[in-house]
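For clarity, every value in this text was computed on a predicted model and none was experimentally measured. Scope of the values below: all heavy atoms of this structure, side chains included, with no hydrogens, waters or symmetry mates.
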Amino acid sequence: MKDVTQDTVLVHAGRDPRNNHGIVNPPVYHCSTVLFPTLDALEESDRNTLEGVHYGRMGTPTTFAFEEAAAALEGGYRAVNTGSGLAAIAIALSAFTKAGDHVLITDSAYGPTRRFARETLAPYGVEVEFYDPCVGAGIASLLRPNTSVVFLESPGSLTFEVQDTAAISAAARKAGAVVLMDNTWATPLFFRPFDHGVDVSIHAATKYMVGHADAMLGVVTCRNEETWTAVKKTATRFGACAGPDDLYLGLRGLRTLSVRLRQHQESALALADWLGARPEVRRVLHPARPDFPGHALWKRDFTGSSGLFSIIIDQVPRQALAAMLDGMELFGMGYSWGGFESLILPTRPAAVRSATRWTEPGQVLRLHAGLESPDDLIRDLDAGFRRMAAAL
């Protein structure tokens, strides 16, 4: 589709009603075995297992529909599905690393990304180095002849540092490194990685793409055929694939991503403004707020903000924090986000840093603004602060 907006791409990409009896949504193929009518057909399929329907985990029309939609939305060459966001990260990193390589990973990366790098890549002979997410063009001084990958996540997990993606990508590509980026927070609607020099964009599609807290799904979208082939071959070797029902739920979620994300954005900003005026809150960590250190970069590169941000409150005894969190009626405690439900989670950024230090005093709480009424969410938070104060 040419010359249409992303809202229109969301509705139409990955659909082919004419070849599905006029049915609007692609069918869900539950498949393991694929039968070939002749020996010639079998041998032809064996010659290129990356294309077409060969075996269930290699892809079905359901698979291809989701991948086509994801790639069209992001403006990439092609995409590869996985069974979770972490699987997407692990496969993308594995596709471009080997023993003896050096990789640079932002110090603000998602915790499981760090663990995979340290506990899987490193034991297999890949040297893992974490870098300051705010390094910008200065990353050139960290690049080595054997640096194969530079990994970004912007904004960063928990504390939301905004990276200068274009400057980092330019330095990395000049040195011959592949640039990978976790773009889950912004989605392709609010940030376009390939326009800023990224080679491979990674999403925990479990989050905003699915949007309903009911499926595990990941997707890796690639700039060109070379990077797609490397990722697809690696996913094949890992035996990685999502189930057909989760792929279908991903397609369903994409159709409403734009309208949902606008509501997440609006509610999160309303909550952030209210929280910023609370006496208990020391800082609001939201890139779209003018008082955030990375706001200028966010404003330059992003077209919107999602529902996930953090606040720093005064340090309080555990029983006071529990009084606040345990009594929440609308905010649940859980290790995901991007769904219709609002979430709140205490975090410890200092415990997961190595290249930088998190020294700000206070307790960090990560919030996800769901699709409930912002006024109701504010009342829930207000009651929580009152319970906390009463427990002191």
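- Of the candidates Asp132, Asp164, Thr106, Val150, Val150 is the only one forming a side chain to side chain contact (heavy atoms under 4.5 Å, CB included) with Ile139.
- Side-chain N or O atoms of Glu372 include none that pairs as donor or acceptor with a backbone N or O of Leu377 at under 3.5 Å.
- Looking only at atom types and distance, the side chain of Ser267 has a donor-acceptor partner in the side chain of Gln263 under 3.5 Å away.
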Practice problem: Go through the steps to decide whether Glu226 and Lys232 satisfy the test salt bridge (charged side-chain N to carboxylate O under 4.0 Å, His left out), and finish with yes or no. | Solution: CA-CA 10 Å; Glu226 181 182 2; Lys232 180 66 173 177; over 6 Å; no
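- Within the 4.5 Å cutoff, the side chain of Ser154 has no heavy atoms near those of the Glu161 side chain.
- Salt bridge absent: Arg379 and Asp382 never bring a charged side-chain N and a carboxylate O closer than 4.0 Å.
- For the pair Arg289 and Asp273, the salt-bridge criterion is met [side-chain N within less than 4.0 Å of a carboxylate O].
- Here the straight-line distance linking atom CZ of Arg353 with atom OG1 of Thr359 works out to 10.5 Å at 0.5 Å rounding.
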Exercise. Before giving the answer on side-chain contact (heavy atoms from CB on, under 4.5 Å), spell out for Leu285 and Ile311 the whole-Å C-alpha distance, their side-chain angles and the decisive distance to 0.1 Å.
Key: CA-CA 6 Å; Leu285 305 179; Ile311 59 173; over 6 Å; no
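- Salt bridge present: Arg144 and Glu129 bring a charged side-chain N and a carboxylate O closer than 4.0 Å.
- In this structure, Arg173 pairs ionically with Asp199, as a charged nitrogen and a carboxylate oxygen lie closer than 4.0 Å.
- Of all the heavy atoms in Thr356 and Pro133, the pair that sits closest is CG2-CD, 4.3 Å.
- In this model, no donor atom of one side chain and acceptor atom of the other lie less than 3.5 Å apart for Glu67 and Thr63.
- The backbone N or O of Leu189 lies less than 3.5 Å from a partner atom in the side chain of Thr303, making a donor-acceptor pair.
- Checking side-chain atoms of Arg366 against main-chain N and O of Thr347 turns up no donor-acceptor pair under 3.5 Å.
- For Arg57 and Thr236, the side-chain atoms include no donor-acceptor pair closer than 3.5 Å.
- Taking the charged nitrogens against the carboxylate oxygens, Glu127 and Lys98 have no contact shorter than 4.0 Å, which rules out a salt bridge.
- Counting heavy-atom neighbours within 6.0 Å of Arg357 CZ, excluding the residue itself, gives a total of 12 or less.
- His203 has its ring centre no less than 6.0 Å from the ring centre of Tyr208.
- Taking the six-membered ring where tryptophan is involved, the planes of Tyr77 and Trp228 are perpendicular, since the angle between them exceeds 60° and thus also 30°.
- Between Phe309 and His368, the ring center distance fails the sub-6.0 Å criterion.
- Counted within 6.0 Å of OH on Tyr124, heavy atoms from surrounding residues, nucleotides or ligands total 12 or fewer; the atom is thus considered open.
- Side-chain N/O atoms of His54 and Thr49 include no donor and acceptor closer than 3.5 Å.
- Checking side-chain atoms of Asp107 against main-chain N and O of Phe130 turns up no donor-acceptor pair under 3.5 Å.
- Using a 4.0 Å cut-off between a side-chain N of Lys or Arg and a carboxylate O of Asp or Glu, Glu51 and Arg78 qualify as a salt bridge.
- When only modelled atom types and interatomic distance are considered, Asp40 and Thr38 share no side-chain donor-acceptor pair under 3.5 Å.
- For the ring-ring contact (aromatic ring centres under 6.0 Å, His included) criterion with Phe191, the lone passing option out of Phe302, Trp298, Trp185 is Phe302.
- Under a 4.0 Å N-O distance rule, the pair Asp326/Arg387 does not qualify as a salt bridge.
- Judged by distance alone, the side chains of Arg260 and Thr256 do bring a donor and an acceptor atom under 3.5 Å apart.
- Grouping the Ile, Leu, Val, Met, Phe, Trp and Tyr side chains by contacts below 4.5 angstrom, directly or via other members, places Ile168 apart from Ile89.
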